[in-house]
Number of protein chains: 2
Amino acid sequence: MATIHDVALDAQVSPTTVSRYINNRIELPASTAARIDAAIAKLDYRPNLLAKRLSTGRTEAIGLVAPEIREPFFAELASAVEDEADRHGYTIFMSSTRSDRQREIASLNRLHDRHVDGLIMMTNTPDDGTLAALIGKRRNVVVIDEDIPGVMVPRVFVENHIGAYKATRYLIEAGHERIGYIGGPDGLYTVRERRAGYLQAMKEANLKVRAEHLAGGSFMPDFARKATLEFLKTRTPPTAILASSDFIAIGVLQGLKQAEIKVPSQMSVVGFDDMPLTELFNPPLTAIRQPIEALGRQGFQVLFSLLSGKQPRCLPCCQCN
Amino acid sequence: MATIHDVALDAQVSPTTVSRYINNRIELPASTAARIDAAIAKLDYRPNLLAKRLSTGRTEAIGLVAPEIREPFFAELASAVEDEADRHGYTIFMSSTRSDRQREIASLNRLHDRHVDGLIMMTNTPDDGTLAALIGKRRNVVVIDEDIPGVMVPRVFVENHIGAYKATRYLIEAGHERIGYIGGPDGLYTVRERRAGYLQAMKEANLKVRAEHLAGGSFMPDFARKATLEFLKTRTPPTAILASSDFIAIGVLQGLKQAEIKVPSQMSVVGFDDMPLTELFNPPLTAIRQPIEALGRQGFQVLFSLLSGKQPRCLPCCQCN
DNA sequence: CCGACCTAGTAAAGCGGTTTCGTAAAGCGG
DNA sequence: CCGCTTTACGAAACCGCTTTACTAGGTCGG
């Protein structure tokens, strides 16, 4: 393969000049430029990325770390991030951590090892501080979707509180008074926020929140299925259930199917996240749509400005200090 | 950040020795090894990947090119490839081409530019030879899932013919005699194979295949929806429909819903691909399960042996010459 | 006509590893 | 004690690009 030296030789200039010319760091008289262009074309020269990276210290790649890319939410998000990255000349490395702390740490190490220039990080397992501490030692990390308490890096979230509030209002306005709620694992920011949104809407409508109609602890459909069956066993079961994620909603639907409760005639169900095709489910699922695409693009843009040395703009969704 | 020189200095050896030691290319007396280990730990030394890559010429990364990672099939596959790659110390670069030839070419160029050591390639748009020609110029490319005619690289496919054959047999054994078939875009290997499997099963059972119960041309649900409505308009509509992918099956279900035909009482539907959660659809979808995970792992393994300079083993699924 | 200032470049020193070639010293068989 | 092998390393070239520091030669104002 041709190197920059070969091109320089052919164009009768020095490698320095060629390098500067192709990186737009110099303006050359037309004749010189033409010679270089011709040499590049003739030799089919393509700069060796590896050499370029070593000498600049940048890879023009970023990492996207998610618990599981198989899940529609993340796949959708990844797609948006990739598109936005592409637009800025960046490529992305994806990794599925399967909620494994070791894999999350491995991603951060890859950042340290200059595998990538920056990281967009998602995690859904509560952190005891290890992760936050490690992130604190790295530069160019952006946390999205779910908070990691104590990290001092830019973060981008969806309006979880408002989303859950609106979903609850929707059920209240439909006339429901006993609305059950099933949330996710304890210790997660999004879980707390959504729950708070639900509670606020209930309180504002002067509706009683019964402890036996509140559940939480896991995102697994099966957990939600069991919780739903518990709800149904109570003396006055709820007439609607707010599920704080689509996976939970799926569990709820399974539980209701098992108990032969018709949706929506006997029970209303509203989900949260956003999974394509849930409208084909039996019964179709109503859900609060999350702006996944915007989340992904915003996440990239914040990271991008970090990488460009710019202070990221303090957007409403990002709690800078 | 500490370099190999710093370590060498601290351990009182040369960089050469440190390099060889950490790459297991030398055996050192315990005392020297201990000094090096101590220096590495003390300085928190991590080899600079960029430098390593430049000098070895390898990136230990591979590209995974798919039309759309948002689709469950690809997301699932990606997950398997990633896992297998991880096991072998490789990381993967994913790109969604959105079935755009330019993006496919861009991926191949990234391979040329040494962005990655190899490529696992999927495409679902019929090739006029451009892609095949370009792939021919590259090394370390493996084509999976869908064939690209004329490429002379290792390929890994699912048994499309047998899958469709079995799905058709299943319907025939359930007593169906008029079985409609909706395939994908023309010019694709998988589409031809599946169609052939369907036709073979029909022929073997002496069942007539009516032209008006055969459709094909696109993977879009909407295309399948319309085709389904056409089927229903025929004098004697089919009693079962074989959809050659889950997306097509979704379109079929939409069409049937629209025509108020109950599944499975009035019409049986069998899909192909494999999408998680289709069992929650209304009505639940029966589908021929593809060994997606195996496809991904196999794909990686074939590429891996290519990268290791080994001739890939000639597996039954791979048509070597 | 002289110094200042462009214009159009260049030489050489990195970046941080790997690798080839080589050697000093120790061990050892005869 | 001599020559050969082994052990334990090291010097320096190299991977291919970027970048800093510098210069030869022309232009121009005074």
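Numbered from 1 within each chain, the chains take letters A, B, ... in sequence-line order.
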ask   = Any idea which heavy atoms bring A:Ile92 and A:Met94 closest together, and the distance?
value =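 Nearest pair, atom of A:Ile92 first, then A:Met94: CD1-CE, 3.8 Å.
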ask   = Quick one: does B:Arg114 reach the base of D:dG16 with a side-chain donor-acceptor pair under 3.5 Å?
value =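 No, the side chain and the base share no sub-3.5 Å donor-acceptor pair.
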query = Hey, where on DNA chain C does chain B first and last touch, going 5' to 3'? Cut-off is any atom under 4.0 Å from a heavy atom.
reply =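 So the outermost contacting nucleotides come out as C:dG16 to C:dC21.
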message = Can you tell me if B:Ser14 touches the phosphate of D:dG10, counting only side-chain N or O atoms and a distance under 4.0 Å to OP1 or OP2?
response =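 Yes, within the criterion.
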query = Does any N or O in the side chain of A:Arg101 come within less than 3.5 Å of the main-chain N or O of A:Thr125, such that one atom is a donor and the other an acceptor?
reply =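 Yes, because the side chain of A:Arg101 sits within donor-acceptor range (under 3.5 Å) of the backbone of A:Thr125.
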message = Keeping A:Ser96 on the side-chain end and A:Ile69 on the backbone end, is there a donor-acceptor pair under 3.5 Å?
response =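 Yes, A:Ser96 side chain to A:Ile69 backbone: donor-acceptor pair under 3.5 Å.
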inquiry  = Can you list, in residue-number order, the parts of residues 27-45 of chain B that come under 4.0 Å of DNA chain D, counting heavy atoms only?
reply    =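 Nucleic-acid contacts, sorted: B:Leu28, B:Pro29, B:Thr32.
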query = Salt bridge or not for A:Asp10 and A:Arg35, using N-O below 4.0 Å?
reply =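 A salt bridge is absent here (no side-chain N lies under 4.0 Å from a carboxylate O).
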key: Side-chain H-bond candidate by donor/acceptor type, B:Ser14 with B:Thr17, under 3.5 Å   =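 Present: a donor and an acceptor within the cut-off.
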key: Parallel, tilted or perpendicular: rings of B:Phe300 and B:His88 (30°, 60°)   =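 Rings of B:His88 and B:Phe300: tilted, as their planes differ by 30° to 60°.
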query = Aromatic rings B:Phe304 and B:Tyr90: how do their planes relate, parallel, tilted or perpendicular, breaks at 30° and 60°?
reply =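 Answer is perpendicular, since the angle exceeds 60°.
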ask   = Which part of the nucleic acid, if any, lies within contact of B:Thr3, taking any heavy atom under 4.0 Å across all strands shown: a base, the sugar-phosphate backbone alone, or nothing?
value =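 Sugar-phosphate, no base atom in range.
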Canonical and wobble pairing (Watson-Crick, G-U, under 3.5 Å) of DNA chain C, dot-bracket with | = ||||||||||||||||||||||||||||||
ask   = Is any side-chain heavy atom of B:Leu54 closer than 4.5 Å to a side-chain heavy atom of A:Arg53?
value =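 When only atoms from C-beta onward are counted, A:Arg53 and B:Leu54 do not touch, as no gap falls below 4.5 Å.
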